Amino acid sequence: LDEGMALLVRSLNRAGELIRKFRLVAVDQMSKQAQQFELHQLVCEAVKTFQAKTPQPAYPIEVDVPPSVTLNGYPDALEQILIQLLSNAFSHALGTQLLGTVKIVGTTLNADWVSLTVSDDGKGIAPDHLEKIFDPFYTTRLGQGGSGFGLYAVYNQVNYLMGGHIQVESTPGRGTRVTMKLPRNTATSQSQ
């Protein structure tokens with residue numbers, strides 16, 4: 001039993017170190033691709049990419065992002081973040097039902113920051129799950145294809161790569177709202 005526990009602890013430490021290294025490599029790779037992009041266009045592309053990967057009929061996704069908002073940052077990372085959030089909304093919040101709405105709303109907070117919100121009117125998240133939602137490997141779909149790594153990666157990309165902030169609000173039976181506050185110029189926000 002002692003040998004088995006020692007082996008388990010060594011394996012878990014090794015896995016933790018691999019994840020840390022993976023995150024650093026992923027952030028380093030994306031950090032080399034900073035560029036200026038138009039937020040509305042990127043959101044529409046992310047929606048099209050997500051809908052192309054889902055079975056028909058296409059899920060209704062409402063987009064309300066002003067066409068004039070530009071950011072200097074990491075468009076590939078933000079597109080992957082949006083696809084992950086949409087995937088979570090449809091697999092967890094709405095499930096197999098095709099009724100429900102998912103909205104992506106973008107607003108300018110001031111000259112330096114924007115807000116991007118992905119919300120649904122699905123089943124919501126229980127409070128005991130909500131506090132663990134960004135933990136690595138935390139999933140409520142164990143054995144059903146969920147790895148628990150998606151929202152952990154989203155959290156790290158928003159907070160560390162982009163220099164922003166992310167928060168989740170949810171009420172069981174009334175839906176979920178994920179709000180990201182992103183700097184309009186990632187390079188400036190990371191140097192502060």
Side-chain angles (χ1 to χ4, degrees), residues 30 33-125 130 133-134 141 146 149-189:
M30 290 186 162
Q33 301 169 7
Q35 58 187 289
Q36 190 165 355
F37 62 95
E38 199 268 325
L39 187 59
H40 181 268
Q41 181 180 356
L42 181 131
V43 170
C44 290
E45 286 300 317
V47 169
K48 287 178 190 174
T49 300
F50 171 75
Q51 287 177 328
K53 294 179 179 181
T54 59
Q56 294 299 325
Y59 291 116
I61 301 170
E62 297 177 18
V63 175
D64 182 11
V65 179
S68 59
V69 178
T70 58
L71 280 78
N72 184 24
Y74 308 102
D76 293 340
L78 185 55
E79 185 172 350
Q80 290 304 310
I81 288 166
L82 288 170
I83 290 169
Q84 180 65 50
L85 293 176
L86 290 172
S87 177
N88 277 30
F90 285 106
S91 65
H92 293 283
L94 303 177
T96 57
Q97 67 180 4
L98 293 178
L99 301 172
T101 305
V102 173
K103 296 180 183 177
I104 302 174
V105 178
T107 55
T108 301
L109 299 175
N110 57 40
D112 298 323
W113 290 85
V114 298
S115 173
L116 193 59
T117 301
V118 179
S119 62
D120 65 68
D121 57 2
K123 61 184 178 182
I125 303 169
L130 190 61
I133 199 164
F134 294 122
R141 297 176 55 103
F149 196 69
L151 289 180
Y152 174 70
V154 164
Y155 179 87
N156 283 306
Q157 288 178 322
V158 170
N159 286 289
Y160 302 116
L161 176 65
M162 302 176 131
H165 310 284
I166 186 168
Q167 73 176 61
V168 180
E169 302 167 82
S170 186
T171 303
R174 302 193 72 191
T176 301
R177 172 190 298 268
V178 179
T179 303
M180 296 175 282
K181 292 181 181 173
L182 303 170
R184 292 185 72 163
N185 187 341
T186 299
T188 303
S189 75

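This structure is a prediction, so every number in the text was calculated from the model and none was measured.
Side-chain contact between Ile166 and Asn159 is present, with heavy atoms from C-beta onward closer than 4.5 Å. Taking the side chain as every heavy atom from C-beta outward, Met162 and Ile81 approach each other to under 4.5 Å. At a threshold of 4.5 Å between non-hydrogen side-chain atoms, the residues Ser115 and Thr179 count as touching. Taking 4.5 Å as the limit, every side-chain heavy atom of Tyr74 sits out of range of all side-chain heavy atoms of Phe37. Under the 4.5 Å side-chain criterion, counting only non-hydrogen atoms from C-beta, Leu71 is not in contact with Asn185. Between Thr176 and Glu169, the closest side-chain pair of non-hydrogen atoms is not below 4.5 Å. With a 4.5 Å cut-off on side-chain heavy atoms, Leu151 and Val178 do not count as touching. Annotation: side chain of Leu116 is in contact with side chain of Leu78 (closest heavy-atom distance under 4.5 Å).
The distance from atom NE2 of His40 to atom CD1 of Ile104, rounded to the nearest 0.5 Å, is 10.0 Å. Taken from OG1 in Thr186 to CG in Leu161, the straight-line distance is 7.0 Å, to the nearest 0.5 Å. Atom OG1 of residue Thr107 and atom NZ of residue Lys181 lie 9.5 Å apart, to the nearest 0.5 angstrom. In this structure, CD1 on Ile83 lies 13.0 Å from NZ on Lys48, to the nearest 0.5 angstrom. Interatomic distance, CD of Gln51 versus CD1 of Ile61, reported as 4.5 Å (0.5 Å rounding).
Closest of all the heavy-atom pairs between Met180 and Leu82 is CE-CD2, 4.1 Å. Heavy atoms only, all atoms of each residue included: Asp121 and Thr101 are closest at OD1-N, 2.8 Å. Pairing each heavy atom of Ala46 with each of Leu86, the nearest pair is O-CD1, 4.5 Å. Here the shortest heavy-atom pairing between Val102 and Ala89 reads CG2-CB, 4.1 Å. Closest approach of Val158 and Leu182 over heavy atoms only: CG1-CD2, 4.1 Å. Nearest heavy atoms, Val63 versus Cys44: CG1-SG, 4.4 Å.
Under the 3.5 Å distance criterion, with hydrogens and angles disregarded, a donor-acceptor pair is assigned to the side chains of Gln84 and Asn88.
When atom types are taken as modelled, the side chain of Ser170 and the backbone of Gly175 share a donor-acceptor pair closer than 3.5 angstrom.
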Requested in this report: Show your working on side chain to side chain contact (heavy atoms under 4.5 Å, CB included) between Arg177 and Val168 and close with a plain yes or no.
Outcome: CA-CA 6 Å; Arg177 172 190 298 268; Val168 180; over 6 Å; no

Report task. Under the side chain to side chain contact (heavy atoms under 4.5 Å, CB included) rule, what do Arg184 and Thr70 come out as? Steps first, then yes or no, please. Result -> CA-CA 7 Å; Arg184 292 185 72 163; Thr70 58; 4.2 Å; yes

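Taking the six-membered ring for Trp and thresholds of 30 and 60 degrees, His165 and Trp113 have nearly parallel ring planes, at less than 30 degrees apart.
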